[in-house]
Amino acid sequence: MPASRLPTGMDAYDRITRNAAEVVTDEEARALADAPDGKRAYVGYEPSGVLHVGHMLTANKLIELQDEGFEVVVLLADVHAYLNGKGTFAEIRDTATRMQEQFVAYGLDPDRTEFVLGSEYQLDEEYVLDLHSLELETSLSRAERAMAEIAGDDTATVAHAVYPLMQALDIVYLDVDLAIGGMEQRKVHMLARDTLPSIDASAPTCLHTPLIADLTTGVGKMSSSGGLSISMEDSGADIAKKVEKAYCPPTADPDPTDNGEERENPVLQLFEYHVFPRFSEVVVERPDQYGGNLTYGSYDALETDLESGELHPADAKGALATCLNDLIAPGRERIRSDHD
RNA sequence: CCGCCCUUAGCUCAGCCUGGUAGAGCAGUCGACUGUAGAUCGACUUGUCCCCCGUUCAAUUCGGGGAGGGCGGACCA
């Protein structure tokens, strides 16, 4: 497994915010970057049996933050998963353990990562009363809007309204300075920033990672339910097949669809957000017929070559599949041995 | 609590009035064409017709009940 290798010449602020879609606020992030030691960053995940690229994208950021001196907390949000209808409590608890193992296999240092099960503290009387206090401060429609990107299209339940408020409280109870999440978390985090002062708690700084576009269309975000997604249980052949099918015009900025929907290039996104943060060098194997192998030390160089036509998408895809497979292989081994 | 509308393929829906177990678009799969994918052609696949009871030779279709969803009203001295 390659260690994360950050480009030289970047200051702490640049490294902390690298590949972020958004930071709230910039000033707060700069303050954290000035004195990162002992500061705490966290991400909460609903336990699921198998990590997918979305989990790994935020995990990349956690690994980088560890290297910057942050204390990293991973919340295995079993109660949240239960509130979001992900199964019985016993089932969810079981998957939490496996998820933790996969994060470690992926590269989170077990000695420097605090894994916390939500139910360890979220059912305490003090927590529940604080939660009710936040409920008093929050309109139903605000809570519902915060959850819109998280809870599918199913009818909103009372559980869904409570869910984001618990996320806000978690930030207090886990003593978090920097909340990490995908862009789908932004409304939850904004809600936390708005309402936490009402219980005399300080609002967190937030850093949001981009969402990888749908693999086959480049539209919207990759979902584990709908289209293709890449997960830790994929075999090398599975990954090769999925990457093969990916939408990949020779540009980082594809034209919108006929319906006017914005499109991204998911292959380039995977290079940018998954491959280069973890590999210092990427070798693209290319038949002599087309010019032989290419080597890239940065995402920008690869993007430039794809745009110019020097790098053909089919060759880029081959390298992408190889890299993704290398990233996933340790976790896949972990899953396999669990099944035995 | 009262009333109205909805529930059929993965998705959006048609069909039901005038019973004979079902269709379109999109999606998906495969092929052609591009050194990837997409676009474009060509072919193909898909269903406890929400559940229960009843009428009938026969119910997705008619009747009753139930569940889930949407909307409106009432209550809120």
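No experiment lies behind these values; they were computed from the predicted model shown. The chains referred to below are lettered A, B, ... by the order of the sequence lines, with proteins before strands, and numbering in each begins at 1.
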Tell me every residue that passes side chain to side chain donor-acceptor pair (under 3.5 Å) with A/E71, counting only those two or more places apart in sequence or in another chain.
A/R40
Could you tell me how far B/rA67 sits from B/rG10 if I compare only their P atoms? Round to whole Å.
26 Å
Partners meeting side-chain contact (heavy atoms from CB on, under 4.5 Å) with A/T195 (sequence neighbours left out)
A/L134, A/T138, A/L191
Hey, are A/K61 and A/E64 close enough for a salt bridge, meaning a charged N less than 4.0 Å from a carboxylate O?
yes
Could you pull out all donor-acceptor pairs under 3.5 Å where a side-chain atom in residues 246-256 of chain A meets a protein atom, sequence neighbours excluded?
residue : atom : partner : partner atom : Å
A/Y247  : OH   : A/R263  : NE           : 3.3
A/T251  : OG1  : A/D253  : N            : 3.0
A/T251  : OG1  : A/E307  : OE1          : 3.4
A/T251  : OG1  : A/E307  : OE2          : 3.3

Nearest-angstrom distance, P atom, B/rG42 to B/rC33
16 Å
Using the P atom in both, what is the distance from B/rU60 to B/rC49, to the nearest Å?
7 Å
Which ring-ring contact (aromatic ring centres under 6.0 Å, His included) pairs, counting each pair once, include a residue from residues 188-210 of chain A, with sequence neighbours left out?
A/H189-A/H208
Sticking with atom P, work out how far B/rG35 lies from B/rA14, rounded to a whole angstrom.
45 Å
For atom P, what is the distance between B/rC50 and B/rU8, given to the nearest Å?
6 Å
Take the protein atom NZ of A/K241 and the nucleotide atom C1' of B/rG28, then report the distance between them rounded to whole Å.
13 Å
Looking at B/rC62, which nucleotide sits across from it as a Watson-Crick or G-U wobble partner, both distances under 3.5 angstrom, or is there none?
B/rG54
Rounded distance (Å) that lies between atom C1' of B/rG70 and atom CD of A/E144
14 Å
Pair A/D67 + A/R112, salt bridge at N-O below 4.0 Å
yes
Looking only at atom C1', what distance separates B/rU46 and B/rU40, rounded to whole Å?
25 Å
If you measure from the C1' atom in B/rC71 to the same atom in B/rC17, how many Å do you get, rounded?
25 Å
If you look only at distance, which donor and acceptor atoms sit under 3.5 Å apart when one is on a side chain in residues 29-39 of chain A and the other is two or more places apart or in another chain?
residue : atom : partner : partner atom : Å
A/R30   : NE   : A/D26   : OD2          : 3.4
A/K39   : NZ   : A/A35   : O            : 3.1

Pick the C1' atom in B/rG69 and in B/rG54, then give their distance to the nearest Å.
26 Å
Summarise how protein sits on nucleotides 33-42 of chain B as a single string, 5' to 3': B when a protein heavy atom is under 4.0 Å from the base, S for sugar-phosphate-only contact, - for no contact.
--BBBS----
